[in-house]
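Input: a single structure, listed below in structure tokens.
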Amino acid sequence: MAQAHIIDGKAIAAELCQSVAAAAARLRETHGLVPGLATIMVGDDPASHSYVRAKGTACANAGLVRFEHRLPSDISEAALIAEIARLNADERIDGILVQLPLPAQIDTHRVITAIDPAKDVDGFHPINVGRLWTGTWGLVPCTPQGCLILLRSVRPDLAGAEAVVLGRSNIVGKPMAALLLAADCTITSIHSKTRDAPMIVWRADIVVVAVGRPLLVRGDWIKPGAIVIDCGINAVSTPDGRSRIVGDVDFAAVQRVAGAVTPVPGGVGPMTIACLLRNTLAAACRRRGLADPLPL
Ligand code: GUN
């Protein structure tokens with residue numbers, strides 16, 4: 001039986017990181033400018049720590065400067081917002097990333113709206129959300145941006161495609177739907193109250209899954225030849241008591257039906273980091289009135 005093409009997110013992300021590094025080197029030579037990214041990590045959730053560490057390493061490798069801020073889990077909302085105000089005013093910093101989720105005492109929306117939209121490299125500020133939905137320039141959330149690049153690597157023209165997005169988070173599902181609509185897809189958003197999700201997914205030429213439920217999407221949900229993008233990163237225990245990472249898609253089963261599919265790990269994850277670097281570079285240029293060297 002034919003097997004789906006496995007979309008190599010690791011290789012595509014490495015290429016994008018190289019392009020960012022080359023553009024950053026040119027910026028340094030021509031304008032003496034080194035883009036800076038501030039990461040804020042509140043508390044010590046091990047998974048969040050490892051994501052933030054990976055973002056910092058990628059920054060350094062691409063020749064960007066990273067300013068790391070680690071704050072205690074019991075920090076007040078006011079103190080966190082005061083820290084963001086300092087970073088907003090710091091000229092060395094082009095991008096501010098507050099790793100989510102935040103502890104319960106902090107209102108995430110208030111924190112996100114405290115970030116200068118010009119430095120909002122996550123693209124979560126309502127101003128950037130509005131820009132995305134109205135088709136004007138803005139910083140676009142990293143994970144859906146990465147998914148779009150992966151989709152285009154196998155289908156450059158997405159116009160007219162039936163696209164189904166599973167999950168409606170502000171981080172992935174909603175901005176993914178906006179990007180697919182802007183690419184002229186017909187979009188359907190599936191969520192926890194949707195009736196008969198498998199039947200709706202079966203219609204799709206493109207399926208993007210971001211629900212955080214291990215192996216939810218099975219092979220018999222997928223139309224033969226569809227492109228399947230898996231944003232899930234779920235730790236599950238194996239029978240021998242170890243932990244391993246799986247996606248939201250049953251990769252082994254879907255691979256037998258789909259036209260193309262992303263693996264976990266090595267699919268969407270590396271793209272999120274590459275797009276964060278890309279956004280930091282874009283923010284650095286945009287803030288100084290320079291052309292974005294790597295437009296979307
Ligand atoms: N937590 C999970 N994904 C993300 C992301 O893309 N950005 C931030 N800031 N936090 C996250």
Side-chain angles (χ1 to χ4, degrees), residues 9 13 16-17 37-59 66-71 73 75 77 80-81 83-84 87-88 93-104 106-117 119-126 128-129 132 138-150 165-179 208-213 229-235 245 247-248 262 264-265 267-280 282-283:
L16 180 53
C17 288
L37 173 69
T39 57
I40 300 181
M41 171 74 214
V42 180
D44 39 37
D45 174 68
S48 290
H49 257 299
S50 85
Y51 299 145
V52 173
R53 200 176 318 116
K55 289 168 184 179
T57 307
C59 244
R66 188 263 193 124
F67 300 86
E68 188 183 6
H69 297 261
R70 286 180 169 209
L71 302 173
S73 59
I75 191 171
E77 186 182 298
L80 176 55
I81 288 176
E83 183 66 33
I84 291 171
L87 300 174
N88 282 343
I93 288 166
D94 298 292
I96 300 170
L97 177 140
V98 180
Q99 186 65 24
L100 304 178
L102 290 168
I106 295 174
D107 180 327
T108 301
H109 179 72
R110 278 209 283 267
V111 168
I112 288 170
T113 51
I115 298 171
D116 176 352
K119 296 189 177 187
D120 168 38
V121 282
D122 263 324
F124 296 161
H125 191 290
N128 283 317
V129 175
L132 177 58
L139 291 161
V140 174
C142 302
T143 299
Q145 187 186 145
C147 292
L148 188 71
I149 295 170
L150 295 180
V165 180
L166 286 91
R168 53 173 160 177
S169 70
N170 291 333
I171 296 181
V172 187
K174 286 182 205 165
M176 189 74 244
L179 283 170
V208 181
V209 194
V211 288
R213 291 181 50 187
I229 306 287
D230 186 355
C231 303
I233 304 178
N234 308 292
I245 300 295
D248 294 345
T262 57
V264 176
V268 173
M271 292 305 293
T272 298
I273 296 178
C275 291
L276 173 66
L277 304 186
R278 200 202 143 269
N279 276 357
T280 305

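Counting convention: from 1, in listed order, for ligands and their atoms alike.
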Between Y51 and ligand 1, which part of the residue brings a heavy atom under 4.0 Å of the ligand: side chain, backbone, both or neither? neither
Enumerated ligand 1 atoms positioned under 4.0 Å from heavy atoms of V98: 8 (C), 9 (N)
Pair K119 + D116: basic N to acidic O under 4.0 Å: no
Given I233, I273, D122, which has its nearest heavy atom closest to atom 5 (C) of ligand 1? D122
Taking all atoms of both residues into account, what is the closest heavy-atom pair of L139 and N128, and its distance? N-OD1, 3.2 Å
When only distance counts, is L100 in polar contact with ligand 1, meaning an N/O pair under 3.5 Å? yes
Between P175 and P141 the two heavy atoms that sit nearest each other are CB-CG, 3.7 Å
for atom 11 (C) of ligand 1, nearest protein heavy atom and its distance come out as Q99 NE2, 3.5 Å
Which residue supplies the protein heavy atom nearest to atom 3 (N) of ligand 1, what is that atom called, and how far is it? I171 CG2, 4.1 Å
For a quick test of reading the model, state the closest non-hydrogen atom pair linking N234 to G247 and the distance between them. ND2-O, 3.1 Å
Please step through side-chain hydrogen bond (donor to acceptor under 3.5 Å, both in side chains) for the pair Q99 and D45, ending with a clear verdict. CA-CA 10 Å; Q99 186 65 24; D45 174 68; over 6 Å; no
